[in-house]
Protein chains: 2
Amino acid sequence: MNKEKVKDRIIRVASDLFYKQGFNSTGINQIIAEADIAIGSLYNHFPSKNELLQVCLIKEELEWFKGFEEHTSQLSSPKDKLLTLVDFRKKLQDSTNFAGCHFIKIISEVGESNLAVSDFVRNHKEKQKTLINEIVIELSEKQSINVNEVTETIFLLLEGALVVSTINKNTKGFDHAKKIIQELVF
Amino acid sequence: MNKEKVKDRIIRVASDLFYKQGFNSTGINQIIAEADIAIGSLYNHFPSKNELLQVCLIKEELEWFKGFEEHTSQLSSPKDKLLTLVDFRKKLQDSTNFAGCHFIKIISEVGESNLAVSDFVRNHKEKQKTLINEIVIELSEKQSINVNEVTETIFLLLEGALVVSTINKNTKGFDHAKKIIQELVF
DNA sequence: GTCTATAAATAGATAGAC
DNA sequence: GTCTATCTATTTATAGAC
């Protein structure tokens, strides 16, 4: 058993296509072709392409935090956690052939014309920042730092590294960000 | 006289629409309607929507560097130039209602499926980095710094601030980036 | 060089049989 | 709950008159 359900297959195929070629460049016909279903089945599971997108984003967020958890759950020092966060994001970029951040991509495409999506992305990035903040708070028990400032610096450096990495198709930005974070944290 | 030519009007209208609502979400019909021309005229000036996009990107790059030049031409100290660069990008974001970076937006939408565009964006960001690098070199004559490292840090912070600013619709990222740069430079 | 008319393909979505 | 057939609108682009 353990066979992938039709609904999950649609989500997986659509997520992948939306990410790789863009939401607007991906037609319903291509999704049903690659998921090997009929169009009626798709609309049985999802009321519209836009609703499907939102479900995809939820899945992608869950996978992101799950991936991070798996990378850092065995680490104890906050410094290691921060450096591993950089490695994790770098690895994600490598494994997707530098396709970039799901959430930055979709907000670049739909802008504020799709409030459900832009709100979701805003919220997602806030969660990522909270995650950094929690680690920096741990760190502040060991060394004297300005928690909010260090959090913001790391957050900005990582978002910058991701964008630059996507444009240049290399990981130099991440390597530099890691170096700076290493100097910030000891 | 000094009347805007049809070709320039098309470029201006298309640039604005591509930026505000996205390239794929902007149809030829909307462009000709807002430029108040017939579709035959558009295709007389541009062979395809994709060629029109490339001309728009060239115009946007020219305007970006022209705007920066106007902001910094009267400044003499490298420190002022760097801080004004932050102010310039912050101001651009403010004046476009946080619509983000033209070049990050388009690469998020077309990815690597459009090599002419992705190459152009790569090249553009390299030019921005070179601009930062030139100021940092000036700075290195006054204070002892690692030129490449400071350049890369400022570049990453600014790209990060821009992306975060676009998502959050505020300028906090820029304010923080400016603070860090002020600490880096004295 | 600008116009109208139209082509040819594809978009997202619905109806209704099974 | 999956299928086929179909609808309506819209897409980019072309042809040819003026």
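Below, chains carry the letters A, B, ... as their sequence lines are ordered, and counting in each starts from 1. Since this is a predicted model, take the numbers as computed values, not measurements.
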Check the side chains of [Y] and [X] for a donor-acceptor pair under 3.5 angstrom, ignoring hydrogens and angles.
| X | Y | result |
| --- | --- | --- |
| B:His176 | A:Glu152 | no |
| B:Gln93 | B:Thr166 | yes |
| A:Ser108 | B:Glu109 | no |

Rounded interatomic separation in angstrom, taking [atom1] from [X] and [atom2] from [N]:
| X | N | atom1 | atom2 | answer |
| --- | --- | --- | --- | --- |
| B:Phe46 | C:dG1 | CZ | C1' | 14 Å |
| A:Leu52 | C:dA13 | CG | C1' | 14 Å |
| A:Asn44 | C:dA13 | CG | P | 15 Å |
| B:Lys3 | C:dG1 | NZ | C1' | 13 Å |
| B:Ile32 | C:dA5 | CD1 | C1' | 12 Å |
| A:Ile10 | C:dG12 | CD1 | P | 15 Å |
| A:Leu42 | D:dT2 | CG | P | 11 Å |

Same cluster or not: are B:Phe98 and B:Ile104 linked, directly or through other Ile, Leu, Val, Met, Phe, Trp or Tyr residues, by side-chain heavy atoms under 4.5 angstrom apart?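 As far as the 4.5 Å side-chain criterion goes, B:Ile104 and B:Phe98 are not connected within one cluster.
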
Extract from the structure each pairing of a protein N or O with an N or O of nucleotides 10-14 of chain D at less than 3.5 Å, listing the distance.
unit_1, atom_1, unit_2, atom_2, d
D:dT11, OP2, B:Asn29, ND2, 3.4
D:dT12, OP1, B:Lys49, NZ, 2.8
D:dT12, OP2, B:Ile28, N, 2.8
D:dA13, OP2, B:Tyr43, OH, 3.0
D:dA13, OP2, B:Lys49, N, 2.9

Test item: B:Ile132 and B:Lys129 side chains (from C-beta on) under 4.5 Å apart, heavy atoms: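 A side-chain contact under 4.5 Å is absent here.
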
Can you tell if the side chain of B:Tyr43 reaches within under 4.5 Å of the side chain of B:Ile39, non-hydrogen atoms only?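 Side-chain contact under 4.5 Å: yes.
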
Hey, can you pull the residues of residues 107-118 of chain A with a non-hydrogen atom under 4.0 angstrom from DNA chain D?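 Listed by number, there are none.
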
Result of checking B:Phe174, B:Phe65, B:Trp64 against B:Phe88 for ring-ring contact (aromatic ring centres under 6.0 Å, His included): B:Trp64

Give a yes or no on whether the backbone of A:Asn170 and the side-chain of A:Ser165 come within a donor-acceptor separation of less than 3.5 Å. yes

Rounded to the nearest 0.5 Å, how far does OG1 of A:Thr153 lie from CD of B:Glu183?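 OG1 of A:Thr153 is found 8.0 Å from CD of B:Glu183.
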
Within the pair A:Ser41 and D:dC3, is there a side-chain N or O less than 4.0 Å away from OP1 or OP2? yes

